[in-house]
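Contents: one structure, followed by commentary.
We name chains A, B, ... by the order of the sequence lines, and we start the count at 1 in each one. Being a predicted model, the structure only gives us computed values, none of them experimental.
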Number of protein chains: 2
Amino acid sequence: MSLRYALIALLTGRPMTGYEVSKRFGASVGHVWHAPDSQIYPELRRLESEGLLTGEDVPWGTKARTKTRYAVTAAGEAAFREWMNSPASPHHSRDPAYLRAAYLDWADPMKARQYLLSQKQFHTERLVVLEATRAMLADRTHPVLAARLESIDEAEHERIIAFRTYAYDGMIARERADLKWVEDGLRLLAAND
Amino acid sequence: MSLRYALIALLTGRPMTGYEVSKRFGASVGHVWHAPDSQIYPELRRLESEGLLTGEDVPWGTKARTKTRYAVTAAGEAAFREWMNSPASPHHSRDPAYLRAAYLDWADPMKARQYLLSQKQFHTERLVVLEATRAMLADRTHPVLAARLESIDEAEHERIIAFRTYAYDGMIARERADLKWVEDGLRLLAAND
DNA sequence: AGAGAATACCTATGGAGATAGTTATTTTCG
DNA sequence: CGAAAATAACTATCTCCATAGGTATTCTCT
């Protein structure tokens with residue numbers, strides 16, 4: 001249910017084709033809400049059919065092929081704003097890492113160690129990406145943000161950047177907490193075996 | 001894909017009926033991997049048909065009604081152990097909270113504040129539950145854990161408890177990080193409006 | 001004893017999400 | 001200049017998950 005709002009949010013920056021959306025997505029809202037393109041293309045169509053986006057056919061290649069360029073409609077913006085104003089509902093976390101951690105006694109100690117080492121690797125890599133993106137937001141070099149700011153009054157810029165970076169601060173803090181937890185896990189394993 | 005292993009993990013403690021599973025689930029593995037009973041019952045059946053669980057029909061009530069008591073088979077334990085030994089794959093976080101946070105400039109400031117206040121409430125409540133459960137694991141009063149320990153050599157107990165509490169430590173640390181983040185959000189809102 | 005509440009057990013359905021493709025066009029480089 | 005690689009644009013399918021039910025049995029209270 002959130003994917004559609006992630007897509008609208010992305011497209012408020014500027015109109016994009018499906019492919020552009022699916023690429024940009026990975027480097028911006030995608031950090032916040034992951035989705036593969038097999039989900040993105042159909043959802044874009046659905047949003048168009050519901051009138052939240054317009055889809056303009058743009059010629060592509062030689063034959064009568066076209067690609068679709070999507071833009072947010074007034075109805076789309078309204079729906080997004082409405083979602084942003086809706087009350088919070090509790091969120092069920094569902095992270096296999098905790099499940100595996102709880103039952104690490106079932107695993108082969110070597111495999112458990114390998115597992116934690118790759119977890120550590122994943123978290124470290126993600127931290128790098130998140131911090132780099134956060135920096136690009138803060139100095140306004142992030143392309144999606146830059147496009148968005150262009151259509152907006154200068155006085156608002158600070159406020160918008162503050163919220164965008166705030167979201168990344170949360171993800172970074174979580175990532176750091178997870179990383180520390182994984183390191184504790186490695187120590188725990190070492191102490192036990 | 002993790003639900004089945006959460007169910008097997010729960011049932012290694014002792015055999016349970018579907019209803020017992022769905023109740024105990026919420027108070028143990030369910031913290032780690034949430035699932036509604038509409039998912040639990042069919043998955044139990046599937047696991048039975050795959051031979052990872054046995055389902056014994058137990059009479060219930062007057063007429064020829066029965067309920068099913070499930071127990072883990074050797075194949076089930078093997079499958080669980082195999083899963084525990086499989087390599088890690090990166091996990092895509094998908095938390096609507098970050099999406100909303102990033103675009104808080106679209107929300108009505110009052111609504112945004114209300115939203116963050118309920119988020120704070122959710123995190124606080126969950127923290128209480130997690131810490132209480134962690135304590136029950138540490139002092140061995142947690143019923144699912146206690147049942148599991150009974151069938152296991154005393155020398156292993158410490159190690160098992162260490163991993164179970166370790167998982168909760170991770171969830172608690174994440175919850176604390178999130179809570180702090182929400183509080184930062186409230187301050188950010190207050191500063192901006 | 002009978003009504004209502006709580007417990008026990010389970011199903012139907014639709015949408016969200018993961019995995020794994022396909023086809024066409026443009027760029028690169030030996 | 002032709003083959004291989006990269007880019008662009010999508011689709012099909014199957015499983016997972018959420019929402020929202022349903023019915024039978026036992027407990028509780030007046």
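Near-neighbour residues of DNA chain D inside residues 4-28 of chain A, defined by a heavy atom below 4.0 Å, number-ordered: A/Thr17, A/Tyr19. Non-hydrogen atoms lying under 4.0 Å from DNA chain C are contributed by B/Tyr41, B/Arg45, all within residues 40-48 of chain B.
Listed by first and then second residue, the side chain to side chain donor-acceptor pair (under 3.5 Å) pairs that reach into residues 141-156 of chain B are B/Asp139-B/Thr141, sequence neighbours excluded. Within the structure, the side chain to side chain donor-acceptor pair (under 3.5 Å) test picks out the following pairs touching residues 105-114 of chain B (sequence neighbours left out): A/Arg164-B/Asp105. Residue pairs satisfying the side chain to side chain donor-acceptor pair (under 3.5 Å) criterion with at least one member in residues 17-26 of chain B, sequence neighbours excluded, are listed as follows: B/Arg14-B/Glu20.
Taking Ile, Leu, Val, Met, Phe, Trp and Tyr as members and joining any whose side-chain heavy atoms lie under 4.5 Å apart, directly or through other members, A/Val128 forms no hydrophobic cluster with any other residue.
With sequence neighbours left out, the side-chain hydrogen bond (donor to acceptor under 3.5 Å, both in side chains) criterion links B/Arg45 to no other residue. In this view, A/His157 satisfies the ring-ring contact (aromatic ring centres under 6.0 Å, His included) rule with no residue, not counting sequence neighbours. Take A/Arg81 and apply the side-chain hydrogen bond (donor to acceptor under 3.5 Å, both in side chains) test, not counting sequence neighbours, and it matches no residue. In this view, A/Thr54 satisfies the side-chain hydrogen bond (donor to acceptor under 3.5 Å, both in side chains) rule with no residue, not counting sequence neighbours.
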Within the sub-3.5 Å range, which N or O atoms of nucleotides 17-22 of chain D have a protein N or O partner, and how far apart are they?
from: D/dC17; atom 1: OP2; to: B/Gln39; atom 2: NE2; distance (Å): 3.0
from: D/dC17; atom 1: O5'; to: B/Gln39; atom 2: NE2; distance (Å): 3.4
from: D/dC17; atom 1: O3'; to: A/Arg94; atom 2: NH1; distance (Å): 3.4
from: D/dC17; atom 1: O3'; to: A/Arg94; atom 2: NH2; distance (Å): 3.4
from: D/dA18; atom 1: OP1; to: A/Arg94; atom 2: NH1; distance (Å): 3.1
from: D/dA18; atom 1: OP1; to: A/Arg94; atom 2: NH2; distance (Å): 2.4
from: D/dA18; atom 1: OP2; to: A/Arg94; atom 2: NH2; distance (Å): 2.8
from: D/dT19; atom 1: O4; to: B/Ser38; atom 2: OG; distance (Å): 2.5

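Taking 4.0 angstrom as the limit, A/Lys67 places none of its side-chain polar atoms (N or O) nearer than this to OP1 or OP2 of D/dA8.
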Side-chain polar contacts of residues 171-182 of chain B - donor-acceptor pairs under 3.5 angstrom, sequence neighbours left out - could you list them?
from: B/Arg174; atom 1: NE; to: A/Tyr98; atom 2: OH; distance (Å): 3.1
from: B/Arg174; atom 1: NE; to: A/Asp178; atom 2: OD1; distance (Å): 3.4
from: B/Arg174; atom 1: NH2; to: A/Asp95; atom 2: OD2; distance (Å): 3.2
from: B/Arg174; atom 1: NH2; to: A/Asp178; atom 2: OD2; distance (Å): 2.7
from: B/Glu175; atom 1: OE1; to: B/Arg126; atom 2: NE; distance (Å): 3.1
from: B/Glu175; atom 1: OE2; to: B/His123; atom 2: ND1; distance (Å): 2.5
from: B/Arg176; atom 1: NH1; to: B/Glu131; atom 2: OE2; distance (Å): 3.2
from: B/Arg176; atom 1: NH2; to: B/Glu131; atom 2: OE2; distance (Å): 2.8
from: B/Asp178; atom 1: OD1; to: A/Arg174; atom 2: NE; distance (Å): 3.4
from: B/Asp178; atom 1: OD2; to: A/Arg174; atom 2: NH2; distance (Å): 2.7
from: B/Lys180; atom 1: NZ; to: B/Asp184; atom 2: OD2; distance (Å): 3.1
from: B/Trp181; atom 1: NE1; to: A/Tyr166; atom 2: O; distance (Å): 2.9

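Here the side chain of B/Thr68 pairs no donor or acceptor atom with the backbone of B/Asp57 at under 3.5 angstrom.
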